[in-house]
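No hydrogens, no waters, no symmetry mates; every other heavy atom, side chains included, goes into these values. Everything numeric here is computed off the predicted structure, so don't read it as measured data.
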Amino acid sequence: MSYIRCLGSTALAVSMFLTEPSVGLAQMPGHVIVRDGDPAPGMQGGVTFKGFNSVVINNLGATAFVGGLQGPGVTADNDTGLWAGAASSLGLAAREDASAPGALGDTRFAQFQFPSLNNVGQVEFFAHLRGSGVNAGNGYGTWAGLPGSIQLAYRNGDPLPGVNPAFSVSTGAFPVYSNTGQVAFTGIYDDPNLPGSQFGIWAGAPGVISAVAVPGQQVPGFAAGVEFRNALLPAINPSGQIAYAARVEGPGVTINNDAGIWLRSGGSSGVAVREGTAAPGTGSFVAFGDRFGEPAINASGAIAFANTLAGIPVNGDNERALYAGQPGSLSLIAREGGTAAGTSPGVVFDDFGDRPFIGGSGAVVAQVKLRGDGVTTDNDDGIWANPAGAFTQVARQGDAAPDTSAGFFTLGAPTANFHGQTAFSASLAGNGIDASNDSGIWAVDPFDRLVPIAREGQPLRLGPGDDRTISGLQLLAGSGGQDGRSSSFNAASQLAFSAAFLDGTSAAVVARVGGTARLSDIAPVLGAAAANGYGVGTPATAGDIISVLGDSGYIRFAGAAPAGETAQILLDFSGTEIGVQVALAEIAVGGDLYGYSFTHLAGGDFQAMLHVPSLGSVPQYFYWNILNIGGVDLQRVQFIPEPATLLLLVVAGPVLAHNRSRKEA
């Protein structure tokens, strides 16, 4: 199979990238996971990577990706594979032309798509097949498990549980995957006794797939004889709860109440929202209509969906709506015809698509359509989200793209993480834009600011002295982070993507959006809790030694040095040597990006010293985020004026050493 340009995943080395400040692009600290020429785990000697795509990441920082191969024994028939794992344990999950586990006869993998990686390191993927006996009716399926122990979940053409095998022909749509190892998918089959194709939901671990909602099955909690007519579009949260859209038929069911969204939990399904019931926030005579979009779900069981309303006074100008919340406690997020926050007067929402996302914090993200004064096909597309409460604009077609002289021409589908931070790819138009620099990736950082991550035509640093110009980027979008879909943006603000370069090489990259260590005059608001009482209370002062709790947070401080002078922030880490090295490497890159210098302190009780400009009495915020850096914890932080550094290190060192020994004991 010919190699598809792509990008991979899992930190194999502590190599950092940095786009040069001279190009005017805001950069993000991160690391290269895999690059062309790196040895491919699980392959014979001399076989290396060549190209990557479909990079995903879980909340523990492990990644999965499809990679191309080159070297001895590699041909067009076996030059791709799928890898998954943590930084130190990247493993081969499947290789093109290898036997497909669980599939009888000469059945081999041909192509891999849409990997998903759960938080226990299990990977799930969709694969096309080749071999004798493989045809259009059985030529693809889904596999799941840990690398080295992958199992068949289901295959097109296999009998569907709960359906008469004499006439069933299953077609499993792309699945979703939970932390419990459960796969859920839409199955399609033809029943000669029923018109058209039939749609149902199946789920389970590989080898134990069972029916969740199948045409002709009694609907739980409804009167006898009420059955599912069809069910499709599942989402599954980390614990295995499944949200899906369905229609029902039977006694008491009419065309005005036959649609809804169901939630399966603990082995049984219950209706989460149903057509014909009152639609909150819309008035006394407005109800949910019959067009429910694909539901999203988070770990707490909250759902999000778009719907077409019915009732009085509903018309073609106000019928679409976006909802989210726990079943039985849903809230209207936005409605067609409502003012689109952040736009000029007269601009309103027109539609919300059929696939919103909901993060673990309850934040909702949707790609919307606009209409109204001044709205044309050049500016009617946008991305909106509500991580801070109000449903506001993240990006809009036609608006200026941050840190460029151009505007967004098209917006790709967004992806989101636990906190409601969003990321998306986009194309550009404007002065100086041509085919060599007209696309990039943008994301919302923990300070709720939209920042560029990478862009065509800009350099990406793969290592010391190794800068390569980007010729193409791929970001796998379409998840809220807890819905079982392929996720490229995790709760630690790490964004995984792939890049190709003008010299014909490529790499897989994870960017820490917003940095590992950062100074700002505003507090982070997404995913960074105020820590140790200093976030909203009295700021820390010069000389304070602050015990840190947790791997993400911030400390407010003031007066560490007179305005215009330099202060120092000393960082005390504990953990594995490699973990501390990775943390320090990310911090070093952050210094170049965010205006402070960095010194690695060998020996003693502090491992890092940041030299930072002081604003005097104006509070500043030191933000840290070392989640997913294995085996390292930030223990203490101290702020001191520059002249006192030497004295502090001499006097305070023994005290800190004693305190650390006592705590670790």
Are Phe65 and Phe49 close enough, and set up right, to give a ring pair (Phe, Tyr, Trp, His ring centres under 6.0 Å), and what steps lead you there? CA-CA 12 Å; Phe65 60 92; Phe49 286 115; 5.6 Å; yes
Just by distance, with hydrogens left out, do Asp77 and Thr75 show a side-chain donor and acceptor under 3.5 Å apart? no
Taking only residues two or more places apart in sequence or in another chain, which ones pass ring pair (Phe, Tyr, Trp, His ring centres under 6.0 Å) with Phe109? Phe112, Phe125, Trp143
Angle class for the His128/Phe126 ring planes (parallel below 30°, perpendicular above 60°, tilted otherwise)? perpendicular
Going by heavy atoms in the side chains, are Val226 and Pro251 under 4.5 Å from each other? yes
Fit a plane to each ring of Trp262 and Phe228, take the angle between them on a 0 to 90° scale, and name the class: parallel (under 30°), tilted (30 to 60°) or perpendicular (over 60°). perpendicular
According to salt bridge (charged side-chain N to carboxylate O under 4.0 Å, His left out), who are the partners of Asp551, at least two apart in sequence or on a separate chain? none
Sub-4.5 Å side-chain heavy-atom contact between Gln367 and Pro414: yes
In chain order, what residues pass the side-chain contact (heavy atoms from CB on, under 4.5 Å) check against Asn164, with sequence neighbours excluded? Ala166, Phe167
Considering all heavy atoms, the nearest Leu263-Gly301 contact: CD2-O, 4.2 Å
Side-chain touch Leu330/Ile303, heavy atoms, less than 4.5 angstrom: yes
Please list, chain by chain and in numerical order, all residues satisfying salt bridge (charged side-chain N to carboxylate O under 4.0 Å, His left out) with Arg264, sequence neighbours excluded. none
Looking at CD1 of Ile441 and CD of Gln474, how far apart are the two atoms once the value is rounded to the nearest 0.5 Å? 9.0 Å
Within the 4.5 Å heavy-atom criterion, are Val394 and Val444 side-chain neighbours or not? yes
Is Thr186 reaching over with its side chain to a backbone N or O of Leu233, donor-acceptor style, under 3.5 angstrom? yes
What one should report as the nearest heavy-atom pair of Ala321 and Leu332 is CB-CD1, 3.9 Å
Below 4.5 Å, heavy atoms only, C-beta onward: do Phe489 and Leu495 meet side chain to side chain? yes
Spacing of CG belonging to Asn179 relative to OG belonging to Ser239, to within rounding of 0.5 Å: 8.5 Å
Using every non-hydrogen atom in the two residues, find where Val183 and Ala144 come nearest and quote the distance to one decimal. CG2-CB, 4.3 Å
When every non-hydrogen atom of Ala93 is compared with those of Val123, the smallest separation belongs to CB-CG1, 3.9 Å
Tyr244 versus Ser269, side-chain donor and acceptor atoms under 3.5 Å: yes
Is the backbone of Arg291 close enough, under 3.5 Å, to the side chain of Asn307 for a donor and an acceptor to pair up by distance? yes
So, the side chain of Ser170 versus the backbone of Gly172: is there a donor-acceptor pair under 3.5 Å, distance only? no
Sorted by chain and residue number, the ring pair (Phe, Tyr, Trp, His ring centres under 6.0 Å) partners of Tyr154 (sequence neighbours excluded) come out as Phe185
Taking only residues two or more places apart in sequence, or in another chain, which ones meet Ser168 in a side-chain hydrogen bond (donor to acceptor under 3.5 Å, both in side chains)? none
Steps toward side chain to side chain contact (heavy atoms under 4.5 Å, CB included) verdict (Gln198, Val163): CA-CA 10 Å; Gln198 310 304 305; Val163 175; over 6 Å; no
Atom of Phe352, atom of Ala306 and distance for their closest heavy-atom approach: CB-CB, 4.4 Å
With a 4.5 Å limit on heavy-atom distance, are the side chains of Ile383 and Val365 in contact? yes
Side-chain donor-acceptor contacts of residues 187-196 below 3.5 Å, not counting sequence neighbours, with atom names and distances?
{"residue": "Asp190", "atom": "OD1", "partner": "Ser197", "partner atom": "OG", "Å": "3.1"}
{"residue": "Asp191", "atom": "OD1", "partner": "Asn193", "partner atom": "N", "Å": "2.8"}
{"residue": "Asp191", "atom": "OD1", "partner": "Asn193", "partner atom": "ND2", "Å": "3.4"}

In sequence, state the C-alpha distance, the side-chain angles, and the governing distance for Arg130 and Glu96, and then conclude on side chain to side chain contact (heavy atoms under 4.5 Å, CB included). CA-CA 10 Å; Arg130 68 165 68 111; Glu96 181 187 5; 2.9 Å; yes
Applying side-chain hydrogen bond (donor to acceptor under 3.5 Å, both in side chains), can you list everything that pairs with Gln421, at least two apart in sequence or on another chain? Asn417, Ser493
Kindly say whether Leu160 contributes a backbone atom to a donor-acceptor pair with the side chain of Trp202 at under 3.5 angstrom? no
Do Ser361 and Phe418 come within less than 4.5 Å of each other through their side chains, counting heavy atoms only? yes
Answer with yes or no whether the side chains of Ser99 and Arg108 bring together a donor and an acceptor at under 3.5 Å. no
Determine whether a donor-acceptor pair (N or O, by modelled atom type, separation under 3.5 Å) exists between the side chain of Asn138 and the backbone of Gly157. no
Without swapping roles, check the side chain of Arg274 against the backbone of Asn257 for a donor-acceptor pair under 3.5 Å. yes
Non-neighbouring partners of Phe424 that pass ring pair (Phe, Tyr, Trp, His ring centres under 6.0 Å), sequence neighbours left out: Phe408
Taken to the nearest 0.5 Å, the spacing of Asn298 CG from Gln326 CD works out to 7.0 Å
May I ask you to decide if Ala100's main-chain N or O and Thr107's side chain share a donor-acceptor pair within less than 3.5 Å? no
Hey, does the side chain of Asp79 reach the backbone of Leu69 with a donor-acceptor pair shorter than 3.5 angstrom? no
Please identify each residue that fulfils salt bridge (charged side-chain N to carboxylate O under 4.0 Å, His left out) with Asp158, with sequence neighbours left out. none
Salt bridge (charged side-chain N to carboxylate O under 4.0 Å, His left out) partners of Asp258, counting only residues at least two apart: Arg229, Arg247
Would you say that Glu124 contacts Thr142 through its side chain, given a criterion of any heavy-atom pair below 4.5 Å between the two side chains? yes
Where do Phe114 and Ser54 land on the side chain to side chain contact (heavy atoms under 4.5 Å, CB included) test, with the steps shown first? CA-CA 7 Å; Phe114 308 110; Ser54 302; over 6 Å; no
Spatial distance of atom CG (Asn625) from atom CD (Gln494) [nearest 0.5 Å]: 7.5 Å
For Val510, which of Asn490, Ile57, Val32 qualifies under side-chain contact (heavy atoms from CB on, under 4.5 Å)? Ile57
side-chain hydrogen bond (donor to acceptor under 3.5 Å, both in side chains) against Gln218, all qualifying residues, sequence neighbours excluded: none
Value rounded to 0.5 Å, distance of CD1 in Ile201 from CD1 in Ile242: 8.0 Å
Within this structure, what is the CD-OG distance for the pair Gln122 and Ser149, rounded to the nearest 0.5 Å? 8.0 Å
Does any N or O in the side chain of Thr415 come within less than 3.5 Å of the main-chain N or O of Ser479, such that one atom is a donor and the other an acceptor? yes
Are the side chain of Asp483 and the backbone N or O of Ile297 linked by a donor-acceptor pair below 3.5 Å? no
